[in-house]
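Below you'll find the structure, written out as structure tokens, and then a few comments.
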Amino acid sequence: MQAINDFILAAAGQPWVLVLVLACCVIDGFFPPVPSESVVVGLAAVAATADVPNPLLLALVAAAGAFSGDNIAYLIGRRVGTRRWAWMRGPRMQAAFRWAGRELRKRPASLILVARFVPIGRVAVNLTAGVTHYPHLRFVGLTVLSASLWAAYSVAIGLFFGQWFEDNHLLGAAIAIVCAVALGIVVDLVINKFRGKTNVVERIREPGA
């Protein structure tokens with residue numbers, strides 16, 4: 001266990017770690033299996049007691065990567081749509097795309113901001129924004145804000161929980177990651193509950209319902 005802790009601490013102090021953070025955050029913007037939250041939160045937990053990597057620099061790199069990934073997703077949606085690859089055609093992703101399309105027409109700003117905190121949700125919303133030709137300049141402005149909030153939130157969670165485990169960086173990072181994932185699940189459940197209520201209201205309002 002001590003060897004693992006030493007390795008984590010040594011890796012956290014290397015410059016290439018921030019390159020890894022940037023890459024994960026960029027790719028996660030359009031390919032949800034890549035765990036950007038885990039990388040950012042875990043490193044922030046280490047930084048809480050080891051002072052490496054620098055938390056502010058970590059947040060800036062994470063925000064830059066998230067912003068880039070979200071806008072790449074927008075451009076992919078605009079160019080290729082939401083059915084090009086197999087992972088897009090799954091029932092859960094297609095349901096997310098349909099919901100994102102409806103919500104973007106009604107409350108685009110709040111949806112883009114909140115979706116950044118839900119892995120599959122953000123990909124669905126960003127791709128759908130591109131497909132529906134949501135104004136790109138407006139999308140850029142909103143993703144600057146959403147990426148910054150998400151990065152600050154992720155680093156803050158890591159710092160908060162990491163400070164409790166000064167002698168065990170692995171445990172601190174693991175607990176911080178679990179808490180971050182749990183909060184993401186809570187946000188996802190709240191969105192799904194709201195989505196269900198919205199669908200019921202829409203069916204009631206339909207002619208002949």
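What you see is a predicted model, and the numbers here were worked out from it, not measured in a lab.
Side-chain heavy atoms closer than 4.5 Å link hydrophobic residues (I, L, V, M, F, W, Y) into clusters, and following such links, even through other members, never connects L22 to L56. Note: the hydrophobic cluster containing V144 does not contain V125 (ILVMFWY, side chain heavy atoms under 4.5 Å, direct or indirect links). In terms of hydrophobic clustering, with Ile, Leu, Val, Met, Phe, Trp and Tyr side chains grouped at heavy-atom distances under 4.5 Å, L20 and F67 are assigned to different clusters. F139 and L137 are assigned to two separate hydrophobic clusters, defined by single-linkage of ILVMFWY side chains at heavy-atom distances under 4.5 Å. In the hydrophobic clustering of this structure, V40 groups with L149; members are Ile, Leu, Val, Met, Phe, Trp, Tyr whose side-chain heavy atoms approach within less than 4.5 Å, directly or through other members.
Interatomic distance, I112 CD1 to R138 CZ, rounded to the nearest 0.5 Å: 9.5 Å. Atom CG of L60 sits about 8.5 Å away from atom OG of S148, to the nearest 0.5 Å. The structure places OG of S68 at 12.0 Å from CD1 of I27, a figure rounded to the nearest 0.5 Å. Rounding to the nearest 0.5 angstrom, the gap separating the CG atom in N54 from the CG atom in L18 is 8.5 Å. The distance from the CG atom of L127 to the CD1 atom of I72 is 11.5 Å, given to the nearest 0.5 Å.
Salt bridge E37/R122: present, at least one basic N to carboxylate O contact under 4.0 Å.
The two residues A47 and P53 make their nearest non-hydrogen contact at CB-O, 3.2 Å. Here the closest non-hydrogen pair linking L142 and A109 is CD1-CA, 3.8 Å. Minimum heavy-atom separation, A48 to G158: CB-O, 4.3 Å. Here the shortest heavy-atom pairing between A63 and A147 reads O-CB, 3.5 Å. G29 approaches R116 most closely through the heavy-atom pair CA-NH2, 4.2 Å.
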Problem - Step-by-step side-chain contact (heavy atoms from CB on, under 4.5 Å) determination, S36 to W150 - result: CA-CA 11 Å; S36 62; W150 172 82; 3.6 Å; yes

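Side chain to side chain, D70 and T143 fail the donor-acceptor criterion of an N or O pair below 3.5 Å.
Between the side chain of Y74 and the backbone N or O of Y134, at least one donor-acceptor pair lies under 3.5 Å.
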